[in-house]
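Quantities reported herein were computed from a predicted structural model and do not represent experimental measurements.
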Amino acid sequence: AVLNARAHSHLRKVLLHRRAGRSGSAFEHLSDLSPALLNEVALCQLRPLLMSPSMTAILAGGDGGSIDASFIKLLVRQLVIAIFSPADFIIEEGDHGNEVYFLGSGKVDVIKGNQKLATLSEGKCFGEIALLVPNALRTASIVAKTFCETHLLTRENFEASLSRYPDMHRRIRALAEQRLAELMAASCSMPSEKPSPRDTPSPQGRRDAPFLAAAFASRLLLRGRGRR
């Protein structure tokens with residue numbers, strides 16, 4: 001019954017977005033606009049998401065170079081809307097990732113193991129390391145806390161856009177090599193630790209237990225569908 005209620009709630013949310021013309025490409029419903037006007041609308045609506053601190057650090061490269069405004073205009077045209085329901089795993093720790101997500105609305109929890117590390121809200125991005133390192137392992141899970149509208153950018157589309165800007169491509173490639181070296185060094189020096197059976201959840205962990213249980217059930221359901 002709970003699962004059926006969640007499914008119906010999600011479908012209602014998706015239908016509302018479709019009726020508003022906001023499904024698929026972030027600007028599919030504006031396709032009749034002239035290219036110049038479409039670029040201006042895209043830049044106005046989504047530039048704040050792309051210019052979040054963590055994304056800016058990538059676009060500027062390791063040496064903090066300038067970011068070409070025309071590149072941002074091109075990049076926002078590659079964004080695709082994805083809607084998530086409460087307790088959905090948007091990213092799962094340990095999975096391979098090839099896309100970054102920009103949170104347009106809603107809240108998500110950052111969870112590593114069984115511990116909640118943070119809650120992110122509108123304007124934040126997550127999974128950006130996937131733009132630098134192919135098939136990078138996700139270091140934490142991202143679980144929707146509310147209904148969330150995200151805008152995702154795949155590594156493939158990012159690289160295709162970047163190929164037109166050789167200077168930015170050179171800087172970002174250097175940063176990618178640096179990040180990859182750091183990840184390899186960290187994995188080699190990381191000790192293997194086993195949790196103590198005497199560990200008990202914190203009060204915050206106990207308060208979040210029902211939410212995490214629902215999220216875990218959602219993950220199992222998705223895995224079950226994948227095996228069919």
(message) If you compare all heavy atoms of Val110 against all heavy atoms of Ala140, which two are closest, and at what distance to 0.1 Å?
(response) CG1-CB, 3.9 Å
(request) Mind checking the OG-CG spacing from Ser161 to Leu74? Nearest 0.5 Å is all I need. (result) 4.0 Å
(request) Give, for atom CG of Asp68 and atom CG of Leu59, the distance between the pair rounded to the nearest 0.5 Å. (result) 11.0 Å
(request) Using atom types as modelled and distance alone, determine if a side-chain donor or acceptor of Lys124 lies under 3.5 Å from a backbone N or O of Leu103. (result) no
(request) Have a look at Ile90 and tell me which of Leu152, Val108, Val143 forms a side-chain contact (heavy atoms from CB on, under 4.5 Å) with it. (result) Val108
(request) Enter the distance from Lys145:NZ to Thr119:OG1 here, rounded to the nearest 0.5 Å. (result) 4.0 Å
(message) Quick check: do Leu162 and Arg173 have side-chain heavy atoms less than 4.5 Å from each other?
(response) no
(request) Using atom types as modelled and distance alone, determine if a side-chain donor or acceptor of Asp109 lies under 3.5 Å from a backbone N or O of Ile111. (result) no
(message) Tell me whether Arg138 contacts the main-chain N or O of Gly94 through its side chain, where contact means a donor paired with an acceptor under 3.5 Å.
(response) no
(request) Could you tell me whether a side-chain N or O of Thr146 sits under 3.5 Å from a main-chain N or O of Gly106, the two making a donor and an acceptor? (result) no
(message) For Leu153, is there any backbone N or O sitting under 3.5 Å from a side-chain donor or acceptor partner on Gln78?
(response) no
(message) Walk me through whether Ile72 and Arg47 qualify under side-chain contact (heavy atoms from CB on, under 4.5 Å).
(response) CA-CA 7 Å; Ile72 299 300; Arg47 186 179 186 278; 4.2 Å; yes
(request) Would you indicate whether the side-chain heavy atoms of Arg155 and Glu159 approach each other to under 4.5 Å? (result) yes
(message) Side chains of Phe102 and Leu46, heavy atoms from C-beta outward: is any pair under 4.5 Å?
(response) no
(request) Find the distance between CG (Leu79) and CD (Glu99) and round it off to the nearest 0.5 Å. (result) 12.5 Å
(request) Could you tell me which non-hydrogen atom of Cys44 sits nearest to which non-hydrogen atom of Pro48, and how far apart they are? (result) O-CD, 3.9 Å
(message) Check for me, please, whether Leu137 and Ile91 land in the same ILVMFWY cluster - side-chain distances under 4.5 Å, paths through other members count.
(response) no
(message) For Tyr101 and Phe84, take the angle between the two ring planes, folded into 0 to 90°, and tell me which bin it lands in: parallel under 30, tilted 30 to 60, perpendicular over 60.
(response) perpendicular
(request) Give the C-alpha distance, both sets of side-chain angles, the deciding distance and a yes or no for side-chain contact (heavy atoms from CB on, under 4.5 Å) between Ile67 and Tyr165. (result) CA-CA 10 Å; Ile67 302 173; Tyr165 299 83; over 6 Å; no
(message) Holding to side-chain hydrogen bond (donor to acceptor under 3.5 Å, both in side chains), I want the full list of residues that pass it with Ser52, two or more places apart in sequence or in another chain.
(response) none
(message) For Asn157, is there any backbone N or O sitting under 3.5 Å from a side-chain donor or acceptor partner on Thr154?
(response) yes
(request) Indicate yes or no for a side-chain donor-acceptor contact from Arg171 to the backbone of Ser66 under 3.5 Å, with no hydrogens or angles considered. (result) yes
(message) Given 3.5 Å as the limit, does a donor-acceptor pair link the side chain of Ser141 with the main chain of Glu93, or not?
(response) yes
(message) Distance check, rounded to the nearest 0.5 Å: Phe126 atom CZ versus Met55 atom CE?
(response) 13.0 Å
(message) Walk me through whether Phe89 and Asp95 qualify under side-chain contact (heavy atoms from CB on, under 4.5 Å).
(response) CA-CA 11 Å; Phe89 273 74; Asp95 281 355; over 6 Å; no
(message) Taking CD in Glu177 as the centre, count heavy atoms belonging to other residues, nucleotides or ligands within less than 6.0 Å. Is the count above 12?
(response) yes
